[in-house]
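Here is the naming used below: chain letters follow the sequence lines, and residue numbers restart at 1 for every chain.
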Protein chains: 2
Amino acid sequence: MGRPAQISRPAVLTAALAVADERGLDALTMQAVAARLGVTAMALYRHVRDKDDLLDGLVEALLTEFPPPDPGLPWRERLAGTARAIRASAARHPAVFPLLLRRPAGTEQARRVRDGVLDALREAGLNDERAARAERLISTAVLGYAASEAAGRFDHHPQDVRDADFAHLLAVIGACVDPEGSRSCRG
Amino acid sequence: MGRPAQISRPAVLTAALAVADERGLDALTMQAVAARLGVTAMALYRHVRDKDDLLDGLVEALLTEFPPPDPGLPWRERLAGTARAIRASAARHPAVFPLLLRRPAGTEQARRVRDGVLDALREAGLNDERAARAERLISTAVLGYAASEAAGRFDHHPQDVRDADFAHLLAVIGACVDPEGSRSCRG
DNA sequence: ACCTGAACACCGTTCAAGT
DNA sequence: ACCTGAACACCGTTCAAGT
């Protein structure tokens, strides 16, 4: 007993993310992750329950990358900053990012990101219920845009068009949340 | 020669969609599709190039389900009708639907749906460039919401909350496109 | 022309066995 | 306690062979 562990769950997830980033989701096999760690595939099962658990861990790892917005900034910039950080994460991890839209949003990191957005929306003057609804729609729109871009759905548009699209999305969100905004957006 | 075909590409796609609807994307194997057609897996390869081609065909089949809006209706209702049809398709095919966000939007059916939206936006008074941008953002938001719902990301919210969320999304889209809407939404 | 049998390389996963 | 070897059931895909 007491044989020292060669690998750990964080090490497994880091290796898995690297494999997915470099070679895509199809190449993300237990054997590929193990090989990168210098270990056999069966050794991973002590640190992740199965491959689905590994994918869940990757989603959680991605969420960790979304930095908490500086609380000193006004709500509008906190919102835009988080959205831009999410899009940047999608660009770094195009293979894994789309999984964010396919997995439940109830994990610790997911709650942390959501609470940051909710705080900003309440500071903008929305009550709890409207803030919760706006958070769901904003998150979905931002995740959807970033996932589309990562998956190559907009590959036929040049980068500057996509940048302008995203800027426009942020502008719409800002306008809809703004206390001075149109009535329909806040209903 | 001249042995009559037992199966066809449409038959393969119909069987594949049924398997995915009933048992999920993981159960969508070449063998399962073949079994449903009373044929061996190898027979499918005469009608689809490989499994990826089969998935592309499913995406195209899903797009076919989005009905062309009645051109007699005002633009606002055409837009809302298309969005609701897309959401309904996601509810019917929750396993396959998320693939729409992962595959390029350049196929024939994808263009047909897009052109319907573009027509509505131009009728709302947007010029070509703004209509194209609005189409990309609206499509992404609607697909993102429907895909999230289909994948179970909102399962912890009851149906009526999700219905209200979607209605709110439609309202925001309508307000942003409306000629009388706020300035930021149309920039 | 269309489908099948047999085969190949590869998966995820288990379990008893080694250290 | 942690990792491995061997094994199992399953995948997608090929190719020559049947009809």
Side-chain angles (χ1 to χ4, degrees), chain A residues 1-62 95-96 98-99 102-104 151-152, chain B residues 1-61 95-96 98-99 102-103 151-152:
Chain A
M1 73 240 194
R3 181 173 171 181
Q6 297 176 33
I7 59 175
S8 62
R9 185 177 171 94
V12 169
L13 294 178
T14 300
L17 191 56
V19 169
D21 289 347
E22 291 168 15
R23 291 158 48 202
L25 208 56
D26 285 345
L28 180 60
T29 65
M30 299 301 267
Q31 358 257 325
V33 175
R36 177 175 278 261
L37 292 166
V39 111
T40 66
M42 297 78 85
L44 304 180
Y45 286 88
R46 190 154 298 272
H47 302 95
V48 295
R49 200 174 349 97
D50 51 24
K51 192 175 179 185
D52 230 56
D53 183 41
L54 184 147
L55 293 176
D56 281 339
L58 286 186
V59 168
E60 197 69 357
L62 238 83
V96 174
L99 297 180
R102 285 198 281 160
R103 308 211 157 226
Chain B
M1 67 217 186
R3 182 171 172 183
Q6 297 177 35
I7 58 177
S8 62
R9 183 178 171 95
V12 169
L13 295 178
T14 300
L17 191 56
V19 170
D21 288 347
E22 291 169 15
R23 292 157 49 203
L25 208 57
D26 286 345
L28 180 60
T29 66
M30 299 302 267
Q31 359 254 329
V33 175
R36 176 175 279 261
L37 293 167
V39 111
T40 65
M42 297 78 82
L44 304 180
Y45 286 88
R46 190 154 298 271
H47 302 95
V48 294
R49 199 173 352 94
D50 51 23
K51 192 175 178 184
D52 230 56
D53 182 42
L54 185 148
L55 294 177
D56 282 338
L58 286 185
V59 168
E60 196 69 357
V96 174
L99 297 181
R102 285 198 279 160
R103 309 215 158 223

Practice problem: Starting at CG of L25(B), measure out to CG of L58(B) and round the result to the nearest 0.5 Å. | Solution: 8.5 Å

Without decimals, in angstroms, what is the distance between [X] [atom1] and [N] [atom2]?
X: L28(A); N: dC11(C); atom1: CG; atom2: C1'; result: 12 Å
X: L37(B); N: dC2(C); atom1: CG; atom2: C1'; result: 14 Å
X: Q31(B); N: dC11(C); atom1: CD; atom2: P; result: 16 Å
X: D53(B); N: dT13(D); atom1: CG; atom2: P; result: 10 Å
X: R9(A); N: dC3(D); atom1: CZ; atom2: C1'; result: 18 Å
X: M30(B); N: dC3(C); atom1: CE; atom2: C1'; result: 14 Å
X: L54(B); N: dC11(D); atom1: CG; atom2: P; result: 14 Å
X: I7(B); N: dT4(C); atom1: CD1; atom2: C1'; result: 12 Å

Quiz: residues 27-42 of chain B side-chain donor-acceptor pairs under 3.5 angstrom, not counting sequence neighbours:
{"from": "T29(B)", "atom 1": "OG1", "to": "A32(B)", "atom 2": "N", "distance (Å)": "3.0"}
{"from": "R36(B)", "atom 1": "NH2", "to": "E22(B)", "atom 2": "OE1", "distance (Å)": "2.6"}
{"from": "R36(B)", "atom 1": "NH2", "to": "E22(B)", "atom 2": "OE2", "distance (Å)": "3.1"}

Measure from the side-chain heavy atoms of [X] and tell me the nearest of [options].
X: T29(B); options: dG12(C), dT4(D), dC11(D); answer: dC11(D)
X: A5(A); options: dC2(D), dG12(D), dT4(C); answer: dC2(D)
X: A43(B); options: dT13(C), dC3(C), dC11(D); answer: dC3(C)

Taking every non-hydrogen atom, the tightest pair across [X] and [Y]:
X: P98(A); Y: A95(A); result: CD-O, 3.6 Å
X: L54(B); Y: L13(B); result: O-CD2, 3.7 Å
X: L99(A); Y: L55(A); result: CD1-CD2, 4.0 Å

Self-check item: Any L44(A) side-chain heavy atom under 4.5 Å of I7(A) side chain
Solution: yes

Quiz item: Taking a pair as Watson-Crick or G-U wobble with both distances under 3.5 Å, which nucleotide is matched to dC10(D)?
Solution: none

Quiz prompt | Strand partner of dC3(C), provided both Watson-Crick or wobble distances fall under 3.5 Å | solution = none

Quiz prompt | Of A41(B) and D52(A), the one whose closest DNA chain C nucleotide lies more 5' | solution = A41(B)

Quiz prompt | Inter- and intrachain pairs under side chain to side chain donor-acceptor pair (under 3.5 Å), touching residues 4-21 of chain B, at least two apart | solution = R9(B)-D53(B), D21(B)-H93(B)

Quiz item: How would you label the contact of Q6(A) with the nucleic acid (heavy atoms, under 4.0 Å): base, sugar-phosphate, or nothing?
Solution: sugar-phosphate

Quiz item: Can a side chain N or O of H47(A) be found less than 4.0 Å away from OP1 or OP2 on dC2(D)?
Solution: no

Could you list, one pair per line, each protein nitrogen or oxygen that sits under 3.5 Å from a nitrogen or oxygen of nucleotides 14-19 of chain D, together with the distance?
{"from": "dG18(D)", "atom 1": "N2", "to": "R3(B)", "atom 2": "NH1", "distance (Å)": "2.8"}

